[in-house]
Amino acid sequence: MSVSKIAGFAALATASLFVLTGCAAPAATNTDELVPTDPAAAALLPEEYKDGISVASDIPYAPMELFDENDNPTGFDYDLSVEIGKKLGVVLSFNDQDWDGIIPSLQSGTHDIIMSGMNDTLERQEVLDFVDYFSAGFAVVVAEGNPEGINSFADLCGKVVAIQTATAQIDLINAVNPSCDTPIEVLEFPTDGDAQNAIRAGKAVAGVNDGQVAAYTVQTAGEGAYFDLVAPTDAPEGYTSALTGIGVLKANTGLTAAIQAAVQSLIDDGTYAELLAKWNLSPFGVTEATINGTK
């Protein structure tokens, strides 16, 4: 999947009723008492949301959101929303919503917030406010142990890179090449799996993908034994990291404030860092839950 889904394009408290639409997954509940673990954040939550918050998410987009072997949702967004629910002391329901209808689902009142790897863009800010919780971009997948010592996009100059055809990653390499004495050679493959196999076979030294997708590949391929992740900081203009946010309708300022306070509390107490590490996403974390951080 290219970065286009992120740029063109999770929620259960410890005592929660699990609701999933658009999927045959069973309901799951537990009986712990709903007590906010951050009373200050919970106090910001408008009364109308204290009976629950409905989350819209286009599944799958691993590792942000996906289904487990039992068709239950999981992923970084899902886990983060579980912890947001704990902070606020409310039930969050996680709902599978197709991408084209994800913003309209808030406008119609079907759902309250979006957690779906959605980039905070100026265009979307005309309709939504974003609580930014992630910094997305491109990352590099290299063979386990990083034998070629790839630490930046510049280190790919003169080397062979395997990329899925017709993706934005090819445009990225074309943007890097003018700065190379010897250009990067691109091998195109019909699927990302084929590109991964080329790296394992030694036909390419690296692959390039969306940061989240690359992280999930490194974490899961060969049960984590095949690849390492490199998160370069020298992307050319237009390919730098983009903030990902929780989308809330602009009229719902109280809900936005409560969610921002909950996410910041998770950052401050270390829970956020633990979730990033769980999903191999630590290089893409933020230190502050800004609102509409894209300027």
Side-chain angles (χ1 to χ4, degrees), residues 5-29 34 41-42 44-62 64-68 71-121 123-134 243-263 266 289 291-292:
K5 174 173 178 179
I6 312 175
F9 315 48
L12 202 59
T14 297
S16 63
L17 172 66
F18 174 65
V19 180
L20 181 65
T21 62
C23 177
T29 63
L34 283 173
L44 296 172
L45 188 66
E47 190 67 31
E48 64 191 281
Y49 298 106
K50 291 186 177 179
D51 61 351
I53 298 171
S54 178
V55 184
S57 189
D58 182 24
I59 311 171
Y61 181 52
M64 306 304 280
E65 38 269 330
L66 62 155
F67 292 114
D68 66 16
D71 286 334
N72 292 321
T74 185
F76 177 74
D77 279 347
Y78 174 79
D79 283 354
L80 181 64
S81 64
V82 168
E83 299 302 328
I84 291 171
K86 292 177 183 178
K87 290 292 184 182
L88 297 178
V90 297
V91 174
L92 278 76
S93 60
F94 194 72
N95 304 278
D96 189 11
Q97 172 68 52
D98 69 277
W99 185 258
D100 289 344
I102 205 164
I103 294 177
S105 77
L106 268 58
Q107 295 169 320
S108 69
T110 303
H111 305 303
D112 301 314
I113 65 175
I114 297 168
M115 293 188 73
S116 193
M118 178 176 276
N119 274 13
D120 170 1
T121 67
E123 180 181 11
R124 291 194 181 116
Q125 286 179 20
E126 295 178 6
V127 179
L128 303 174
D129 284 328
F130 287 93
V131 178
D132 299 316
Y133 65 98
F134 195 80
L243 289 169
T244 296
I246 300 167
V248 187
L249 288 178
K250 296 191 80 68
N252 296 340
T253 55
L255 180 57
T256 300
I259 291 173
Q260 181 194 29
V263 174
L266 292 168
I291 294 179
N292 298 334

K.L.:
To check you understand the geometry: which heavy-atom pair defines the closest contact between V127 and K250, and what is its length?
P.N.:
O-CG, 3.1 Å

K.L.:
Holding to side chain to side chain contact (heavy atoms under 4.5 Å, CB included), I want the full list of residues that pass it with P104, two or more places apart in sequence or in another chain.
P.N.:
Q107

K.L.:
Nearest 0.5 angstrom please: I53 CD1 to I246 CD1, how far?
P.N.:
9.5 Å

K.L.:
If only atom types and distance count, is the side chain of S116 paired as donor or acceptor with the main-chain N or O of D58 below 3.5 Å?
P.N.:
yes

K.L.:
So which heavy atom on K87 is nearest to which on A42, and how close?
P.N.:
O-CB, 4.2 Å

K.L.:
Count the heavy atoms of every other residue, nucleotide or ligand shown that sit under 6.0 Å from CD of E47, and state whether that count exceeds 12.
P.N.:
no

K.L.:
Taking all heavy atoms of M118 and all of I102, pick out the closest pair and write down the distance.
P.N.:
CE-CG2, 3.8 Å

K.L.:
Hydrogens and angles aside, do S54 and N95 bring a side-chain donor and acceptor to less than 3.5 Å of each other?
P.N.:
yes

K.L.:
Under 4.5 Å between any side-chain heavy atoms of Y49 and V90, yes or no?
P.N.:
no

K.L.:
First locate atom OG of S105, then atom CG of D112, and finally report the distance between them rounded to the nearest 0.5 Å.
P.N.:
9.0 Å

K.L.:
Between CG of L34 and CG of L88, what distance do you get to the nearest 0.5 Å?
P.N.:
11.0 Å

K.L.:
Going by the rule ring pair (Phe, Tyr, Trp, His ring centres under 6.0 Å), which residues pair with Y133 if we only count those two or more places apart in sequence or in a different chain?
P.N.:
none

K.L.:
With the side chain counted from C-beta on, respond yes when I114 and V55 share a heavy-atom pair under 4.5 Å apart, and no when they do not.
P.N.:
no

K.L.:
Would you say Q260's side chain and A289's backbone share a donor-acceptor pair under 3.5 angstrom?
P.N.:
yes

K.L.:
Please answer whether the main-chain N or O of G245 pairs with a side-chain N or O of D120 as donor and acceptor at a distance below 3.5 Å.
P.N.:
no

K.L.:
Report the distance from atom OH of Y78 to atom CE of M64, rounding to the nearest 0.5 Å.
P.N.:
15.5 Å

K.L.:
Among N119, I291, N292, find the one that has a side chain to side chain contact (heavy atoms under 4.5 Å, CB included) with F130.
P.N.:
N292

